[in-house]
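To start, the structure itself, in structure tokens.
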Amino acid sequence: MTAGNTDYNHKETEKNWTEKWYETDLYKAKDFSDKPKKYILAELPYPSGSYLHVGHMMRYTVPEIRSRYLRMQGYNVLFPMGWDSFGLPAETFAIRTNSTPREVLDKAIPNYKKSMMDMGYAIDWSREMDTSKPETYKWTQWMFLKLWEADLAEVKEMPVWWCEELGVLADEEVLPGDKEGEKVSERGGYPVERKMFKQWILKITDYADKLLEDLDKTDYTDAVKQAQINWIGKKEGANITYEIETPSKTYEKTPTVTCFTTRPDTNFGATFVVLAPKHPLVEKVTTAEQKSEVEKYVKRSLAKSELERTKAKEKTGVFTGSYAINPLNDKKLPVYVADYVMYNYGTGAVVGVPAHDKRDFEFAKAHDLEVVRVVEDPENPDVTEIASLDDIFEGEGIAINSGFLNGLTTKEAIEKTIQYLEEKGFGEKNTTYKLRDQIWSRQRYWGEPIPLIYTKDGKIEPDYDLPLELPELKEEVLKDKAGFPALSEFEDFKKTTDSQGNPATRETDTMPTWAGSNWYYIRYIDPKNNEAFADFEKMKYWLPVDEYYGDAGHTTAHLLYTRFWYKFLYDQGLVPTEEPIKYRMSGGLLLGEDNRKMSKSRPEYVVNPKEVVQTYGADAVRTYLAFIGPYDETYPWNTEGLKAISRFINTVYGMKNKVVADVNDKEVEKAYHQMLKNVTSMCEDFKMNTAVSQLMIFVNIIKKKKQIDSEIWKGFLKVLAPFAPFVTEELWQEVNDAKEWSVENSIHSQAWPKYNEKLAKKDSFQIGVQVNGKVREDIEIDRDEPEESVKKRVLELENVQKYVKGKNIKRFIYVPNKIVSIVVE
RNA sequence: GGGCGAGUGGCGGAACUGGUAUACGCGUCGGUCUCAAAAACCGAUGGGAGCAAUCCUGUGAGGGUUCGAUUCCCUCCUCGCCCACCA
């Protein structure tokens with residue numbers, strides 16, 4: 001062993017190993033290995049800017065450490081990475097820099113890849129995948145056509161935020177403007193208005209029940225499952241149909257309104273009906289006298305965003321002049337239009353039962369409507385008057401004032417009402433879901449073109465000549481535009497011929513940003529396949545994903561859509577398993593040093609990832625991110641903490657000169673096996689923060705020693721390797737005196753060391769001695785020391801004597817290796 | 001309003017199925033080195049009383065179960081995330 005320099009030069013070392021590792025495909029995941037597989041997936045980033053964001057680093061580092069741990073445990077591990085590159089940000093950035101989205105990405109992606117390599121991420125780069133490349137989106141388009149053929153994609157008229165410059169925007173992309181009631185786009189600040197628009201939607205609602213039931217087939221945590229259940233929001237109840245009477249109007253056929261309710265048993269207490277402003281009946285049932293007021297109201301409420309409607313405190317609404325007839329008791333219920341009722345949920349019409357629903361009560365109070373109590377609260381049977389919101393009873397009780405339902409429990413009454421309604425043809429049992437169909441089109445350039453063709457006679461045909469590529473951007477189309485032109489402005493693209501050779505037009509909508517992210521993880525399995533989105537046998541080997549790590553905000557919607565898309569493919573026989581992802585873990589947030597979200601408005605608190613990697617080294621940054629706290633929690637960045645880890649790495653490096661063969665040190669040997677045991681179980685449980693602390697405890701012991709046994713040193717390096725891959729590779733090569741590096745002799749190809757259970761166990765314990773519940777003394781005991789021996793020694797202790805002397809010992813409790821507890825009178 | 005989760009030193013956080021609360025790290029204080037400072041290294045460090053042994057007190061608040069509660073039960077408060085006039 002040569003006594004080398006003990007000052008660690010991370011820059012040189014990291015550069016050297018980065019080149020060697022990635023040139024030799026050290027982290028390649030082999031298809032069809034004999035080893036058991038693990039597919040560890042981290043959400044793919046949207047590549048923007050010049051370097052991986054520090055938040056991404058926090059999101060990726062810990063799962064990556066786990067993937068390294070599993071590889072050393074003998075698994076064939078797939079840890080891939082790709083680019084979620086379609087979408088508005090690339091367009092906006094391109095406009096700002098006077099280039100095209102592709103050009104922007106061709107600069108950003110290599111930067112991102114380079115930064116991930118700087119971090120030493122054990123990524124199989126041969127599987128790199130980019131959602132905006134034609135060879136990838138060919139299959140996104142192909143899958144869309146399959147959905148369309150299965151009637152799961154359809155066109156609907158929908159209100160959307162429309163911006164002349166940017167096209168259709170999502171709710172969260174729209175901000176209030178400077179003027180009252182004005183709306184502007186989040187990017188660019190262009191004016192935005194509400195407009196009805198033809199949109200493609202995916203009918204995820206057809207899969208609602210399956211998505212619910214099959215949660216049992218996953219290992220998601222209860223929190224994740226609950227989030228999915230809530231998002232789907234399945235509710236059972238009844239649809240009740242009311243005939244509408246409009247004074248001064250005659251119809252050929254009496255109009256009816258259908259309302260969904262989860263509590264049909266309360267219908268004797270109905271005193272009004274409310275239509276959503278967008279409900280088609282509004283126009284039909286409004287009387288001449290009410291017309292102008294209703295129209296004004298509808299117009300005003302359509303201009304509001306969901307958010308504004310939600311925030312509204314008062315229950316506004318306008319009477320239409322018509323009445324609905326309650327089939328249960330022939331009562332006339334005035335029909336209102338009000339924006340607290342949403343068109344998208346249920347039937348878009350609500351029957352108001354103000355005595356048993358807080359919102360209905362507020363509406364009734366605001367509009368001076370009758371309140372009739374029809375359920376008795378078993379806990380407060382005396383409350384009959386309903387004076388305030390606090391008197392509203394929404395629970396289950398006994399039916400009163402309800403004709404043939406009187407005396408029944410809520411459950412019985414619900415059943416009897418439905419039975420009655422169905423017999424008489426007034427309504428039927430029904431189930432609704434909160435889950436909404438997914439809007440699947442954007443009127444923008446930078447997305448997957450929807451490969452459908454409109455024939456001359458109005459039919460829709462699929463275009464299987466895929467990929468259907470985006471037309472090239474030319475100077476002419478770009479001129480005088482604040483944003484990129486929508487596809488509809490590319491005349492050459494639009495014009496095509498149908499299957500009969502007749503002139504036809506193409507659909508010019510593109511798919512939303514999340515199209516590719518619905519299935520990207522399948523593509524990693526076989527990214528270069530041009531015959532299929534992935535080879536079935538390979539999918540059978542790798543799927544499902546074992547562990548999926550990502551943003552907490554994606555735990556519900558993204559995961560649900562991913563499952564939906566996959567379940568559809570499964571029903572088509574195209575993928576091998578029912579569920580795509582076994583387990584999901586979402587990461588917390590990394591805050592700035594000031595304990596607030598990192599924001600461009602406070603640049604002094606935004607961590608510059610490139611700088612910290614260069615200053616302190618990737619090993620230090622990695623280990624720091626693992627040490628800082630549990631993966632799913634939020635915590636602030638702390639540069640002092642990073643410096644400490646950097647010192648730790650240096651300390652480790654400096655110890656190499658003390659390494660010699662055959663050192664007999666029982667203390668170190670024991671500490672090593674204990675450390676190994678603890679780190680192993682902590683890596684299993686994904687507790688990388690405490691694993692690092694175990695490594696520190698061990699280093700604190702060996703750094704005091706004059707000599708370190710080379711075998712223990714090697715074992716320690718292997719355990720540290722997933723956290724700090726660079727320095728451990730350097731030290732590993734040196735301790736093994738390797739002449740030349742190879743994939744086989746890399747520390748990252750080594751097996752995880754095994755601990756000796758006997759040595760990992762403690763021989764003795766410091767345990768507390770309690771007298772009447774208070775710790776009075778410590779005593780050192782042997783492992784599993786018998787009670788008699790412990791008792792004898794304990795009672796001799798001076799400080800125990802003090803409290804026990806002259807008193808009657810009622811109980812003597814001894815929990816081996818844990819505690820002694822004495823109870824005296 | 002609903003769902004989920006969390007409240008532990010000055011700070012990030014440990015604590016297995018109830019068993020010595022505060023591991024590990026930061027910060028702070030003291031020391032070594034230095035003309036000095038920084039860096040590095042060594043030591044101390046929940047709060048209060050005491051020269052000390054030691055005692056009191058302490059895991060958001062209050063109560064309960066227990067020999068023993070950060071952990072289990074009840075009531076309340078605060079914060080975070082997701083969803084939300086969802087009938």
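Every chain is numbered from 1 and lettered A, B, ... according to where its sequence line falls, protein lines coming before strand lines. The analysis underlying the following values was restricted to heavy atoms, covering all of them including side chains, and did not include hydrogens, waters or symmetry mates.
Geometrically, A:Arg584 does not engage A:Tyr220 in a cation-pi contact defined by less than 6.0 Å to the ring centre and at most 45° from the axis. Annotation: cation-pi geometry satisfied between A:Lys315 and A:Tyr340 (NZ/CZ under 6.0 angstrom from ring centroid, within 45° of ring axis).
Taking the C1' atoms as reference points, B:G1 lies 46 Å from B:C56, given to the whole Å. A gap of 45 Å separates the C1' atoms of B:C76 and B:G43, to the nearest Å. Taking the P atoms as reference points, B:C33 lies 32 Å from B:G48, given to the whole Å. Rounded to the nearest Å, the gap between the C1' atom of B:A38 and that of B:C51 is 38 Å. Spacing of P atoms, B:G19 relative to B:G68, comes out at 15 Å, to the nearest Å. On the C1' atoms, B:U28 is 29 Å away from B:U78, given to the nearest whole Å. Distance check on atom P: B:A6 versus B:G13 gives 13 Å, rounded to whole Å. Taking atom C1' in both B:G63 and B:G3, the straight-line distance is 28 Å, to the nearest Å.
Within the nucleic acid shown, A:Asp222 has no heavy atom closer than 4.0 Å to any nucleic acid atom. Note on A:Asp778: a base of the nucleic acid sits closer than 4.0 angstrom, heavy atoms only. Residue contacts for A:Thr555: at a heavy-atom cut-off of 4.0 Å it reaches no nucleic acid atom on any strand shown. In this structure, A:Phe765 reaches neither bases nor backbone, as no heavy-atom distance under 4.0 Å exists between it and the strands shown. Backbone-only contact: A:Ile628 has heavy atoms under 4.0 Å from sugar-phosphate atoms and none from a base. Nucleic acid contact class of A:Ala552 (heavy atoms, under 4.0 Å, all strands): none. Contacts of A:Lys802 with the nucleic acid, taken as non-hydrogen atoms under 4.0 Å apart, involve only primed sugar atoms and P, OP1 or OP2.
Distance CG (A:Asn689) to C1' (B:A15): 13 Å, rounded to an integer number of Å. The nearest whole Å value for the distance from the CG atom in A:Asp632 to the C1' atom in B:G13 is 13 Å. Between the NZ atom of A:Lys278 and the P atom of B:C85 there is a distance of 12 Å, given to the nearest Å. Distance, A:Glu633 CD to B:C4 P: 17 Å, rounded to whole Å. A:Leu560 has its CG atom 13 Å from the C1' atom of B:C83, to the nearest Å. Between the OH atom of A:Tyr8 and the P atom of B:A40 there is a distance of 17 Å, rounded to whole Å. The CG atom of A:Leu559 sits 21 Å away from the P atom of B:C81 (whole-angstrom rounding). What separates CG of A:Asn678 from P of B:A23 is a distance of 16 Å, to the nearest Å.
Shown here are the side-chain hydrogen bond (donor to acceptor under 3.5 Å, both in side chains) partners of A:Asp594, two or more places apart in sequence or in another chain: A:Arg602. The ring-ring contact (aromatic ring centres under 6.0 Å, His included) search around A:Phe648 returns none, not counting sequence neighbours.
Defined by atom type and a distance below 3.5 Å, a donor-acceptor pair is missing between the side-chain atoms of A:Tyr653 and A:His10. There is no side-chain donor-acceptor pair under 3.5 Å between A:Ser764 and A:Asp782. At a cut-off of 3.5 Å, with distance as the only test, a side-chain donor of A:Asp339 or A:Tyr297 sits close to an acceptor on the other residue. For the 3.5 Å distance criterion, the side chains of A:Tyr624 and A:Asn638 fail to qualify, holding no donor opposite an acceptor.
Residue pairs meeting the side chain to side chain donor-acceptor pair (under 3.5 Å) criterion with at least one partner in residues 685-698 of chain A, sequence neighbours excluded, are A:Asn678-A:Gln694.
Mapping A:Pro630 and A:Ile779 onto RNA chain B by nearest heavy atom places A:Pro630 closer to the 5' end of the strand. Nearest-nucleotide assignment on RNA chain B puts the 5′-proximal partner with A:Ile767, out of A:Gly346 and A:Ile767.
Between A:Lys774 and the phosphate of B:U57, there is a side-chain N or O to OP1/OP2 separation shorter than 4.0 Å. Taking side-chain N and O atoms only, A:Tyr635 has no distance below 4.0 Å to OP1 or OP2 of B:A6. One finds a side-chain N or O of A:Asn799 lying less than 4.0 angstrom from the OP1 or OP2 phosphate oxygen of B:C55.
Between A:Tyr631 and A:Tyr549, the ring-plane angle classifies as perpendicular under the 30° and 60° cut-offs. Note on ring orientation: taking the six-membered ring where Trp is involved, the planes of A:Phe272 and A:Tyr336 are perpendicular (angle over 60°, cut-offs 30° and 60°).
Each of A:Thr241, A:Thr347, A:Leu333, A:Val273 was scored for a side-chain contact (heavy atoms from CB on, under 4.5 Å) with A:Val257, with one residue passing: A:Val273. For the side chain to side chain donor-acceptor pair (under 3.5 Å) test with A:Tyr242, the passing option among A:Asn267, A:Thr258, A:Thr256 is A:Asn267; the others fail.
Closest to the A:Ile819 side chain, of the nucleotides B:G12, B:G19, B:C85, is B:G19. Of the candidates B:C85, B:C56, B:A21, the closest approach to any side-chain atom of A:Val775 belongs to B:A21. Side-chain atoms of A:Lys818 lie closest to B:G19 of the nucleotides B:A15, B:A14, B:G19.
Nucleotide B:G27 carries an anti base; the chi torsion (O4'-C1'-N9-C4 or O4'-C1'-N1-C2) is more than 90° from 0.
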Could you write out RNA chain B as dot-bracket? Rules: Watson-Crick or G-U wobble, both distances under 3.5 Å, brackets [ ] for crossings, | for pairs with another strand, dot for unpaired. (((((((..(((......[....)))((((((.......))))))((((....))))..(((((..]....))))))))))))....
Sort me out a list of protein N/O and nucleotides 65-75 of chain B N/O pairs below 3.5 Å, or just none if empty.
unit_1 : atom_1 : unit_2   : atom_2 : d
B:C67  : OP1    : A:Arg811 : NH1    : 3.0
B:C67  : O2     : A:Ser821 : OG     : 2.5

Show me the protein contacts with nucleotides 24-34 of chain B, counting only N or O atoms at under 3.5 Å.
unit_1 : atom_1 : unit_2   : atom_2 : d
B:G25  : OP1    : A:Asn700 : ND2    : 3.1
B:C26  : OP1    : A:Arg647 : NH2    : 2.8
B:C26  : O2'    : A:Asn638 : ND2    : 3.4
B:G27  : OP1    : A:Glu640 : OE1    : 2.8

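Between A:Glu640 and A:Lys643 there is a salt bridge, with a side-chain nitrogen of the basic residue lying less than 4.0 Å from a carboxylate oxygen of the acidic one.
Residues A:Glu236 and A:Thr431 share a closest heavy-atom pair of OE2-OG1, 4.0 Å.
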